[in-house]
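Residue numbers start from 1 in every chain, and the chains themselves are labelled A, B, ... in the order their sequence lines are given, proteins ahead of strands. Computation of the quantities below employed the complete heavy-atom set of this structure, encompassing side-chain atoms and omitting hydrogens, waters and symmetry-equivalent molecules.
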2 protein chains.
Amino acid sequence: MATASRALNGGDRVVTDELRTRVLQAARQLRYVPNAHAQALANRTRATVGLIMHDVSDPYFAAITRGAMEVASAHGALVMLGSTFRSPHREIEYVSTFRAQRAQAILVVGSGFDDAEYLEAMRAELGIHQDAGGRYAFVSHHDLPGDAVLPDNAVGGAAVARALLELGHRRFAVASGPSSLTTVEHRVGGFVDAVEEAGLPRSAVRVVEREFSEDGGYDAARDLVREGLSATALFCASDVMALGALAALREEGVSVPGDLSLMGFDDIPVMRHLAPPTSTVSLDLAGMGRAAMRLVLDVPQDGVVEESGAGGPRRLRFPAEVVLRESTTAPTRR
Amino acid sequence: MATASRALNGGDRVVTDELRTRVLQAARQLRYVPNAHAQALANRTRATVGLIMHDVSDPYFAAITRGAMEVASAHGALVMLGSTFRSPHREIEYVSTFRAQRAQAILVVGSGFDDAEYLEAMRAELGIHQDAGGRYAFVSHHDLPGDAVLPDNAVGGAAVARALLELGHRRFAVASGPSSLTTVEHRVGGFVDAVEEAGLPRSAVRVVEREFSEDGGYDAARDLVREGLSATALFCASDVMALGALAALREEGVSVPGDLSLMGFDDIPVMRHLAPPTSTVSLDLAGMGRAAMRLVLDVPQDGVVEESGAGGPRRLRFPAEVVLRESTTAPTRR
DNA sequence: CACTCGTGGGAAAGCGCTTTCCGGAAAGCG
DNA sequence: CGCTTTCCGGAAAGCGCTTTCCCACGAGTG
């Protein structure tokens with residue numbers, strides 16, 4: 001047994017060539033695959049990372065997951081998937097499950113919830129995980145302490161505002177998700193602040209809060225139109241919301257960009273294929289996924305700027321850049 | 001130890017109320033989470049399923065994964081993710097990895113490769129997995145024996161042909177993926193057969209084979225246009241290819257549907273948002289994911305027709321229905 | 001009242017590995 | 001040539017659980 005183990009895993013000591021080849025041959029012949037659980041038990045660890053997110057079928061998360069999978073695959077790490085479908089309860093449950101699996105690392109992707117009880121429970125679970133030698137990191141914001149990969153949401157929101165102001169827009173609508181989601185808060189906050197900084201009154205921005213989803217975008221746009229739209233530009237807190245908004249606008253007979261300029265946020269792959277190709281804020285989503293996986297796997301980053309407090313949590317910032325397409329033009333007076 | 005185990009897991013025997021509450025309380029206080037590996041080792045199994053696919057960020061796989069995750073989550077099954085990025089080698093490696101994890105079930109999503117060596121290796125790996133008591137199933141076709149969830153690809157392809165014929169089209173182009181992918185073969189085969197059945201010559205269909213991806217669709221459409229398009233309708237083997245094709249057509253100045261009608265396959269969520277909203281063949285992708293997960297988890301299906309040979313592998317068929325949108329019209333003579 | 005029987009707590013074995021520890025053989029040294 | 005040291009194969013312990021097996025105890029029975 002001992003010799004076989006050493007022959008298969010290399011490890012601490014030398015095995016004579018003859019014995020090693022015999023062992024390897026026997027293993028191949030028997031199609032032997034070591035029991036990963038027994039190994040994990042004996043080693044007290046395993047290259048496994050748990051990935052927690054809202055929903056893989058959301059293109060935003062899918063792109064991040066793709067990047068994470070690339071790095072995981074390259075380093076032989078096993079990825080366990082947890083879809084929370086936006087339930088804080090499920091999120092905590094998954095951390096606990098991954099803790100039970102003695103996952104080497106846990107990656108929490110997405111926005112986090114602004115709820116004291118949830119935050120406390122999450123902090124506790126992650127704390128135990130860390131005390132047991134586990135790593136964890138957040139992607140795309142979270143209110144908890146820890147390593148994180150962060151898009152420049154506030155900067156991006158502000159850039160959207162400036163881009164629209166430059167085009168000549170002066171009255172804005174915002175299709176926002178719940179402000180309890182930190183991502184949403186930063187994007188919309190950045191936007192509103194930039195508008196005010198330009199000397200416009202707060203009332204120049206009409207914000208409606210709906211679900212942070214395609215349906216939410218649809219509802220927001222429809223309701224804005226029906227209440228009699230005075231804005232000339234609509235900023236959606238995410239591309240997925242913009243997708244829904246675009247559908248609603250089409251149904252309501254509002255032409256984009258003729259009647260209303262439209263911008264999203266994230267630059268998910270389909271935006272450039274829409275009618276019209278839609279302006280947005282580009283984020284290197286796959287790159288964020290890769291960076292996050294590298295962070296928890298403790299392998300060096302390549303070319304990502306790190307903004308770490310000495311000894312404090314590591315933070316990787318990803319720039320958010322406005323991409324103007326055909327959905328935005330100068331406002332035409334109606 | 002024994003009593004604690006029984007108190008926590010219920011199981012084989014009764015523990016007095018008083019002792020049970022004491023155990024549970026202690027567990028809560030210590031934030032105890034049982035070591036899943038030790039449990040797996042002692043139980044020789046665990047509710048874990050491995051999900052193998054090309055790439056989660058492809059909307060087709062993302063939608064299937066979403067459905068699978070819903071069911072897994074509802075049944076407390078842990079999902080491990082394997083992205084092959086279309087490498088047969090990686091696919092086999094993942095089966096082996098999941099076998100090492102003693103996964104209860106393995107779900108292989110996607111097309112499979114038409115390669116003898118690969119098929120043999122895959123069959124062997126899955127065979128051992130099954131001999132060890134594991135289950136497996138395929139989603140969306142595969143040439144290997146076993147339970148499967150299958151979309152009606154050939155029927156869908158034929159339906160596309162009939163729909164286009166009915167609109168008056170007589171000359172067709174097909175943007176196909178590699179014919180070694182069974183999914184592609186069935187879709188394109190169904191299409192071609194239906195055209196011939198309508199009494200048209202084989203030469204009425206011009207098929208070009210490119211990568212089964214957005215880039216492949218782009219290349220196919222661009223090359224078709226540049227060689228001087230005589231077709232009035234273009235059928236793409238998948239929506240993702242249609243996305244690329246649409247981009248190429250736009251760049252080449254070919255108007256859809258004015259100069260060319262366009263159809264895809266899969267009905268991924270964005271198709272209805274494109275310019276123009278694009279006709280396709282709708283498949284209940286999330287439903288397929290759910291059905292597949294139910295299949296391997298051995299829980300009853302709801303409302304899915306099963307077409308099982310007695311004792312043979314179980315096959316769940318999913319209908320493919322043509323959805324006509326604005327990208328298809330009657331041909332206008334140029 | 002002696003005996004059987006059901007009940008439930010705890011000791012111990014075992015799941016399949018890794019790693020320490022032990023010991024015999026070969027090699028090195030004076 | 002006798003001793004120590006190095007080398008490497010194999011026995012055994014231990015990872016953290018579940019489950020079987022044993023046993024003490026109290027209740028029921030003739």
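Applying the 3.5 Å distance criterion, the base of dG16(D) shares no donor-acceptor pair with the side chain of R102(A). The base of dG10(C) sits within donor-acceptor range of the side chain of R6(B), with an N or O pair under 3.5 Å.
With a 4.5 Å cut-off on side-chain heavy atoms, Q301(B) and L295(B) count as touching. A heavy-atom distance below 4.5 Å is not found between the side chains of F113(A) and S180(A).
For dG9(D), neither phosphate oxygen OP1 nor OP2 lies less than 4.0 angstrom from any side-chain nitrogen or oxygen of T3(A). The side chain of Q39(A) places no N or O atom within less than 4.0 Å of a non-bridging phosphate oxygen (OP1 or OP2) of dG16(C).
Taking 4.0 Å as the cut-off between side-chain N and carboxylate O, E120(B) and R123(B) count as a salt-bridged pair.
The nearest whole Å value for the distance from the CD atom in Q101(A) to the P atom in dC17(D) is 13 Å. One can place CE of M1(B) at 13 Å from C1' of dC15(C), the figure rounded to the nearest angstrom. Taking atom CD of residue E18(B) and atom P of nucleotide dG8(C), one finds them 13 Å apart after rounding to whole Å. Straight-line distance from the CG atom of L19(B) to the C1' atom of dG8(C): 9 Å, rounded to whole Å. Between the NE2 atom of H37(A) and the P atom of dC17(C) there is a distance of 12 Å, rounded to whole Å. With rounding to whole Å, L41(B) atom CG is found 12 Å from dT19(D) atom P. Atom CZ of R22(B) is separated from atom P of dG9(C) by 10 Å (rounded to the nearest Å). Look at CG on L30(A): it is 15 Å from C1' on dG16(C), rounded to the nearest Å.
Closest approach to the N43(B) side chain among dT18(D), dG10(C), dC15(C) is made by dT18(D) (side chain taken as heavy atoms from C-beta onward). Out of dG16(C), dC17(D), dG9(C), the shortest distance to the side chain of A38(A) is found at dG16(C). Nearest to the side chain of S5(B), among dT19(D), dC15(C), dG9(D), sits dT19(D). The side chain of N9(B) lies closest to dT18(D), out of dT18(D), dG9(D), dT18(C). Here the nucleotide nearest the side chain of T16(B), chosen from dG8(C), dT18(D), dG10(D), is dG8(C). Distances from the side chain of A2(A) to the nucleotides dA11(D), dG9(C), dG16(C) place dA11(D) closest.
Nucleotide dC21(D) forms a Watson-Crick or G-U wobble pair with dG10(C), both donor-acceptor distances falling under 3.5 Å. Under the Watson-Crick and G-U wobble criteria, each requiring two contacts below 3.5 Å, nucleotide dG30(C) is paired to dC1(D).
The two residues G50(A) and A103(A) make their nearest non-hydrogen contact at N-CB, 4.4 Å.
Using the six-membered ring where Trp is involved, F61(A) and H54(A) have ring planes that are perpendicular, over 60° apart on the 30 and 60° scheme.
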